[in-house]
Amino acid sequence: MHAGTHLRRLAALATLAALAACGSGGAAETNKNGTLSFKVAVTEPDITTVPILAAIDDLRRQGHKIKVVELAEPELSIEGLAKGEYAISAEATSAALLAVEQDAPIKIIADAIGNQWAIYGKSGISSCDQLNGSPFGIFSEGATATAMVKEWVKTHCGAGKRPKYLTIGGSDVRAQALVAGRIAATALEVSDVVALEATGARFAKIADFAESLPDLRPQTVYANTGFITEHKSVTQALVNSLVREHAKINKDPRYLVALAAKYLPDEDGAAMAKVAQRYTAARLFDAAALTEKNVQGTIDFFVRAGVLKRGMTAKDAADLTFVEAAR
C-alpha cells in the first residue's frame with residue numbers, strides 16, 4: 001500500500017462532513033452565564049496528553065463545561081471536528097492536514113509534543129547500509145513514523161540498499177521484537193526507549209528524527225474553525241494554559257510525574273518518573289513552538305512522503321495567532 005493511501009482513507013469522512021460543519025455553531029453552546037459547553041476529543045491518552053488534560057481542567061475552573069471524549073483512532077476525532085461535534089483535539093498532524101486538504105473546517109492551533117521519534121537497532125548497527133535486507137519493524141504503511149523511516153532510508157542508504165519492512169504494530173511490541181531479535185531495527189518513542197532500557201538489552205541509537213527533521217511537528221493541537229472563530233478568548237485561554245503547563249514541565253520533571261499520576265493512575269509511577277526526566281531533558285514540550293516555518297516544513301515532509309498534494313501553505317493549515325499571543 002502507498003504510504004499515503006491509508007491516511008487518505010482515514011480522512012475521507014472529513015470531506016463528507018465538511019459542508020455540514022459550516023455554520024455548525026462553532027462546536028460549542030453558550031451557557032446562560034456566558035461560559036461555554038463543548039467537547040474535546042483525545043486519542044488513547046498517554047503522558048503526552050496529560051498537559052492538555054490539565055489545561056482543560058484550568059478552563060473548567062473558569063466555569064466552562066468541557067467533556068473529554070476518549071477515542072481509539074485519530075480519524076474519529078477528525079470526523080467529529082469536521083462535523084462540529086468536538087471543538088478541539090490533539091493527535092497526529094498528518095490526519096489534520098489531510099482533512100484541511102479536503103476543505104474540512106479544521107486548523108492547527110498549538111504544538112502537542114515535539115518530534116520524539118528515533119531509530120533504534122541491534123548493538124553494533126550504526127548506519128542505514130548495515131540494515132540492508134534486514135527486518136525493520138514498522139507500525140503500518142501509513143504511519144507518520146514509517147514515513148520518517150522511509151525518508152531516512154532514501155537519504156542515508158546506498159544505491160539499491162533497503163531494509164525489509166515488517167508490520168508489527170504498537171511501538172511497545174516492536175521494542176519487544178527488537179529485544180527478542182525478531183527485527184534488526186525500529187522507530188520508537190521516548191516511553192518505549194525507557195522500557196527497552198529497563199530490559200538490560202544492548203541496543204544502538206541509529207538516527208534521531210528530532211535532529212534530522214527539526215521542522216517536522218508530528219503531533220499537534222487542532223480545532224474546529226467555527227469554534228476558534230466564534231470563541232477566540234476561550235481558545236486563547238486554552239492555549240495560554242497549555243503553554244504554562246509545558247513551562248512547568250520543563251522547569252521540573254516532577255510536575256509531569258504528578259500530572260501522570262493524576263490523569264494516568266494505572267501507569268507505573270517509577271517508569272513515569274524516568275520517562276518524564278527524558279521528556280524534560282529533551283525539551284519536547286513547547287506548545288508555542290509552532291512557527292510558519294515548521295508548519296510549512298511539516299506540510300512539505302508529508303508532500304515528499306506522498307501523503308499530501310503540493311500547494312498547501314502554513315496559513316491554510318494553521319492559525320498561529322494563538323501561540324504568538326501566548327509567547
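Sequence positions, counted from 1, serve as the residue numbers for this chain.
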* Run the numbers on Thr155 and Glu151 for side chain to side chain donor-acceptor pair (under 3.5 Å), then give the verdict. => CA-CA 6 Å; Thr155 57; Glu151 172 153 306; over 6 Å; no
* Go through Glu91 and Leu71 one step at a time and tell me if the side chain to side chain contact (heavy atoms under 4.5 Å, CB included) criterion holds. => CA-CA 11 Å; Glu91 238 300 332; Leu71 302 172; over 6 Å; no
To the nearest 0.5 Å, how far apart are [atom1] in [X] and [atom2] in [Y]?
X	Y	atom1	atom2	answer
Glu101	Asp103	CD	CG	9.0 Å
Arg182	Gln176	CZ	CD	9.5 Å
Ile183	Lys164	CD1	NZ	13.5 Å
Ile138	Leu166	CD1	CG	8.0 Å
Ile228	Asp319	CD1	CG	4.5 Å
Lys248	Thr280	NZ	OG1	14.5 Å

Hey, does [Y] have a side-chain heavy atom less than 4.5 Å from the side chain of [X]?
X	Y	result
Val323	Ile109	no
Thr93	Thr144	no
Thr30	His231	yes
Phe139	Thr186	no
Phe136	Arg162	no
Cys157	Asn132	no
Leu320	Glu292	yes
Ile249	Leu259	yes

* Asked: After noting the C-alpha distance and the side-chain angles of Phe322 and Leu238, does the key distance pass the side chain to side chain contact (heavy atoms under 4.5 Å, CB included) rule?
  -> CA-CA 9 Å; Phe322 300 104; Leu238 179 65; over 6 Å; no
Among the clusters formed by ILVMFWY side chains lying less than 4.5 Å apart, do [X] and [Y] turn up in the same one?
X	Y	value
Phe203	Trp117	no
Ile119	Tyr165	yes
Val179	Val194	no
Tyr120	Phe209	no
Val173	Val275	no

With a 6.0 Å cut-off (strictly less than), is the heavy-atom count around [atom1] of [X], excluding the residue itself, greater than 12?
X	atom1	answer
Arg254	CZ	no
Tyr263	OH	yes
Arg327	CZ	yes

Without swapping roles, check the side chain of [X] against the backbone of [Y] for a donor-acceptor pair under 3.5 Å.
X	Y	result
Asn294	Arg217	no
Glu245	Ala55	no
Asn250	Phe285	yes
Gln296	Met312	yes
Thr229	Gly226	no
Thr49	Asp46	yes
Gln236	Lys232	no
Ser37	His64	no
Lys39	Ile88	no
Arg174	Gly169	yes

* Which residues satisfy the side chain to side chain contact (heavy atoms under 4.5 Å, CB included) test with Arg310, sequence neighbours excluded? -> Val303
* Before giving the answer on salt bridge (Lys or Arg N to Asp or Glu O under 4.0 Å), spell out for Glu189 and Arg278 the whole-Å C-alpha distance, their side-chain angles and the decisive distance to 0.1 Å. => CA-CA 11 Å; Glu189 297 174 287; Arg278 198 69 58 85; over 6 Å; no
Show the nearest heavy-atom pair for residues [X] and [Y], with the distance to one decimal.
X	Y	answer
Tyr222	Ala92	OH-O, 3.1 Å
Ile299	Ala317	CD1-CB, 4.0 Å
Ala273	Val257	CA-CG2, 3.6 Å
Ala41	Ser77	CB-CB, 3.8 Å
Asp215	Thr298	O-OG1, 3.0 Å
Leu178	Ala184	CD1-O, 3.6 Å

* Asked: Stepwise, does the side chain to side chain contact (heavy atoms under 4.5 Å, CB included) test hold for Glu141 with Lys150?
  -> CA-CA 10 Å; Glu141 284 290 342; Lys150 290 188 174 181; 2.5 Å; yes
* To do: Go through Asn240 and Val243 one step at a time and tell me if the side chain to side chain contact (heavy atoms under 4.5 Å, CB included) criterion holds.
  => CA-CA 5 Å; Asn240 288 348; Val243 169; 5.8 Å; no
* To do: Please report the C-alpha distance between Arg283 and Asp286 in whole Å, then the side-chain angles of each, then the deciding distance to 0.1 Å, and finally whether the salt bridge (Lys or Arg N to Asp or Glu O under 4.0 Å) criterion is met.
  => CA-CA 7 Å; Arg283 308 288 292 184; Asp286 184 0; over 6 Å; no
* Side-chain donor-acceptor pair present, Asp129, Ser127, cut-off under 3.5 Å -> no
